[in-house]
Structures are given as structure tokens and as C-alpha cells.
There are 2 protein chains.
Amino acid sequence: MMFSKACEYGIRAAVYVALQSLDGRRVSVNEIAEEIDSPIAFTAKILQQLSRSKVIHSVKGPTGGFELDRTEMDTVKLSMIVHAIDGDDIYVGCGLGLKECNANQPCPLHDKFVDIRTDLKNMLENTSLYELATGLEVGLTYLKR
Amino acid sequence: MMFSKACEYGIRAAVYVALQSLDGRRVSVNEIAEEIDSPIAFTAKILQQLSRSKVIHSVKGPTGGFELDRTEMDTVKLSMIVHAIDGDDIYVGCGLGLKECNANQPCPLHDKFVDIRTDLKNMLENTSLYELATGLEVGLTYLKR
DNA sequence: CCAATAAAGGACATTTTTGTCCTATTTATT
DNA sequence: AATAAATAGGACAAAAATGTCCTTTATTGG
């Protein structure tokens, strides 16, 4: 609707990793894909991206998996995940696809989009994985279905 | 960023048709594609969709083309174009791609998305082609580049 | 050291979106 | 009636996004 499928899986995966990390549990790709109801191999690719972008931490070998430490959960905001996967489309792009749309040379929707985008941007930049994981932990929110 | 490419072209095309219709000019696919800087044949398909959805009016044969009458420009809102081309994804879909995300069983971002989507929805439902075309006419906004 | 386990990564397959080309249909003009 | 101009529509092509499979690399525990 707004993010790519890859980004949707990425956010859900990161939130699940955060949730389990609250209990000190490291989680595997298989478990993540199972718990967020996503295709395993594709999810593995996305987790690689997130790991390369330092959004989550990965450990190879037996007992390995993905994790986040408590401080990272606070510092990692949704905007970092979206940026790592979808790039800066949401921030930069014109709603009507113009290359050089800006306040000087705006598309007909420019001003109307500015407000909506600002709200979205603020939301993404102010929402941490910790915040999302705790909602899940308490059973208020869900990651599947 | 938010709409498909097809929808971006569709909105730009419809606004251009409205603009020219203000002067009583009927416009061809070729002229539209030229003026909004879009691929001709693809634009033709999109105009077909808009015509079938009664968003714009088409006339075949010599002197034919696309047009809108003054009353239609007021009644046609952006939401109708978006709906005709992209369906109701923007209205219905969960931000994280869950099938059954709602107030009872929300995804972690549900509440945060509700506000943003409501604003987007209101904007689309309250913006008419007439409003957008007049901005263009006065030279305040642009449809290319 | 060896075996097993888990992520990393490359190559490939499928699906969707975007885009093109050609023919058919409609209609105004002569 | 013939011609030409315009949209309608079907079939195809290319590109991007999504998704799978298999091999390599790192690491743990026996």
C-alpha cells in the first residue's frame, strides 16, 4: 500500500527479532519466517539487508541467528528499516512521479502531499522497534494474519 | 511513492484533459502523452480505463479525443481516478501487509497508520479535477519534469 | 579435527508492472 | 462511398519485484 512487500516483511521481521531479544532469545530465519508468515528464502535476503545496514545483528553458526541489544531497540527507528530496503522514495519522490517537483516548480498535488508526507516521515522517525515490540509483548498487536 | 506509475500517469492525464476542456478543447492521446511526458501507448491504455470508469469522456473518429464537461470536473475527485486504476489498496490494505488487520486485531503500526491514511483519503476525496486544472491554468503548477 | 548448524550469497524462476505494436472499430469530411 | 483520423482492444515484450534453490562461509560443540 505504501511500502514494498520486502519492506513489509522487513519491518515485521525486525519487530519480531526485537520482541524475542527482549527475552534474550536469538532467532533463526526459519523461526522468523514462521512467526511473521513470510516466504523463508525471501525473508532471509531481507534479513541480510537489514544486517548489512546495521539495523539488526546477525551471528553465524550453531546457536547463531538474529538479535538486537536493548539500546539498539531504542535507537533503531522505522525510518532506518524503510530506508535500508526501499531507499528514500518516500522522502524524496513526487506523488505524481515528476523528476523536478519542488516548492518552486510544484506538481498540482505537491502542497497537498507535503503535509501527508511530513506526518508519515515523523511517524517513521519517531517510532522505535522497542515501542513496537512491547505492544506485541503485551498482546495488543499481531504480526500474522 | 504511493501510487502506481499507471496511476501517476492517469492523474496527470486527467488533469491535462480537464485543463484543455476549460477552453473547450478536446485532446488526443498523442497530445496528452506529449504534454505530460508519458509513454504514448501505455497512456492510451490508461485513458481507456478512465473512460470506461466514466472519469473522462472519449470521442472516436476525426476531431475526436478526450474531454470533460465543466460539471464533471467538479464531481470527479482524485479518489475516483485512484480507485479506477489502483483499486482500493490505499483504503483497505494494512501497512504491514496483514490480511486481517483491524482495530480488534491490529498490526503494530495500525493506529499510527489510521491517521495518515485518513488524511490521504480526505485529500483524495476532496480534491477535484477542476481545482487541480485551475492551478495549472494560472501557471502555479506543472505536469512535466 | 569433525560434524552439524546457521547466515551469506549467487544463480535462477515466477509474477506483476510497465511498456509496445498492430489491427479493428467508429466517425467526420469530402 | 471512400478516405483518413481518432479511440478500443488484443497480443506480445521488457523490466522490476517477488520468490526459490543450492553452494559457500563461519562457528559451535563434541
Side-chain angles (χ1 to χ4, degrees), chain A residues 1-14 16-17 20-21 25-34 36-68 82 84-87 89 93 96-97, chain B residues 1-14 16-17 20-21 25-34 36-68 82 84-87 89 93 96-97:
Chain A
M1 165 237 175
M2 188 146 236
F3 304 133
S4 67
K5 228 77 181 79
C7 196
E8 291 176 0
Y9 296 148
I11 294 173
R12 280 151 62 191
Y16 183 74
V17 171
Q20 294 305 321
S21 291
R25 291 191 64 234
R26 207 177 259 171
V27 286
S28 70
V29 172
N30 288 278
E31 177 178 340
I32 295 169
E34 170 71 25
I36 70 171
D37 195 29
S38 66
I40 299 183
F42 192 43
T43 304
K45 297 290 189 199
I46 295 161
L47 288 164
Q48 272 179 49
Q49 281 186 269
L50 294 181
S51 170
R52 278 195 294 258
S53 317
K54 315 284 185 196
V55 166
I56 58 179
H57 188 222
S58 86
V59 178
K60 280 181 162 189
T63 78
F66 296 89
E67 65 187 358
L68 265 163
V82 174
I85 300 176
D86 282 352
D89 311 9
L96 295 186
Chain B
M1 163 238 178
M2 188 146 235
F3 303 132
S4 67
K5 226 73 181 83
C7 195
E8 290 176 0
Y9 296 147
I11 294 173
R12 280 152 60 193
Y16 183 75
V17 171
Q20 294 304 322
S21 292
R25 292 190 62 236
R26 207 177 259 170
V27 287
S28 69
V29 174
N30 288 278
E31 177 178 339
I32 295 169
E34 170 71 23
I36 70 171
D37 194 29
S38 67
I40 299 182
F42 192 41
T43 304
K45 296 292 189 198
I46 295 161
L47 288 164
Q48 271 180 48
Q49 279 187 270
L50 294 181
S51 169
R52 276 195 296 256
S53 315
K54 314 284 184 196
V55 166
I56 58 180
H57 187 223
S58 85
V59 179
K60 280 182 163 187
T63 78
F66 296 90
E67 64 187 358
L68 265 163
V82 174
I85 301 177
D86 283 351
D89 311 10
L96 295 187

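Small disclaimer: the values here were computed from a predicted structure and weren't measured. Lettering of chains follows the sequences in order, A, B, ..., and the numbering in each one begins at 1.
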Measure from CD on A:E8 to P on D:dT18 and round the result to the nearest Å.
9 Å
D:dC21, C:dA7, C:dT5: which one has an atom nearest the side-chain heavy atoms of A:A41?
D:dC21
Euclidean distance, atom CG of residue A:D37 to atom C1' of D:dG19 [Å, nearest integer]
15 Å
How many Å lie between NZ on A:K60 and C1' on C:dA4, as a whole number?
15 Å
Just the rounded figure in Å: distance from C1' of C:dA6 to CD1 of A:I32.
12 Å
Reckon B:Y9 has a side-chain N or O less than 4.0 Å from the OP1 or OP2 of C:dT18?
no
Roughly, in whole Å, what's the span from CD1 in B:I40 to P in D:dG9?
19 Å
Would you give the length of the straight line joining atom CD1 of A:I85 to atom CZ of A:F3, rounded to the nearest 0.5 angstrom?
10.0 Å
So, A:T43 side chain and A:P39 main chain: donor-acceptor pair closer than 3.5 Å or not?
yes
For B:R26, which contact category applies under a 4.0 Å heavy-atom criterion: base, sugar-phosphate, or nothing?
nothing
Indicate whether OP1 or OP2 belonging to D:dG9 is found under 4.0 Å from a side-chain N or O atom of B:R52.
yes
Between CD1 on residue B:I56 and CD on residue B:Q48, distance to nearest 0.5 Å:
10.5 Å
Could you tell me the separation between the CG atom of A:L47 and the P atom of C:dG9, rounded to a whole number of Å?
13 Å
Which nucleotide in C:dA6, D:dA4, C:dT20 has an atom nearest any side-chain atom of B:P39
C:dT20
Both B:N30 and B:K45 contact DNA chain D. Which one's nearest nucleotide lies toward the 5' end?
B:N30
What nucleotide, of C:dG19, D:dT18, C:dT27, holds the atom closest to the side chain of A:K5?
D:dT18
Atom-to-atom span, NE2 of B:H57 to C1' of D:dT7 - whole angstrom:
12 Å
Minimum-distance nucleotide to A:S4 side chain [options: C:dA8, D:dA6, D:dT18]:
D:dT18
For A:Q49 and D:dT18, what is the distance between atoms CD and C1' respectively, to the nearest whole Å?
12 Å
For D:dT7 and B:S51 - does any side-chain N or O of the residue sit under 4.0 Å from the phosphate oxygens OP1/OP2?
no
With the side chain of A:S58 defined as its heavy atoms from C-beta on, choose the nearest nucleotide among C:dA8, D:dT7, D:dT18.
C:dA8
Picking from D:dC21, D:dA8, C:dG19, which would you name as closest to the side chain of B:F42?
C:dG19
Output for pair (A:E31 CD, A:I40 CD1), nearest 0.5 Å, gives 12.0 Å
Of B:D86 and B:V59, whose nearest nucleotide on DNA chain C comes first from the 5' end?
B:D86
For A:E67 against A:S21, the heavy-atom pair lying closest together:
CA-OG, 3.5 Å
What's the spacing between B:C7 SG and B:M2 CE if we round to 0.5 Å?
11.5 Å
Closer than 4.0 Å, any side-chain N/O of A:Q48 to the OP1 or OP2 of C:dG9?
yes
Side-chain N or O of B:T63 less than 4.0 angstrom from OP1 or OP2 on C:dT29?
no
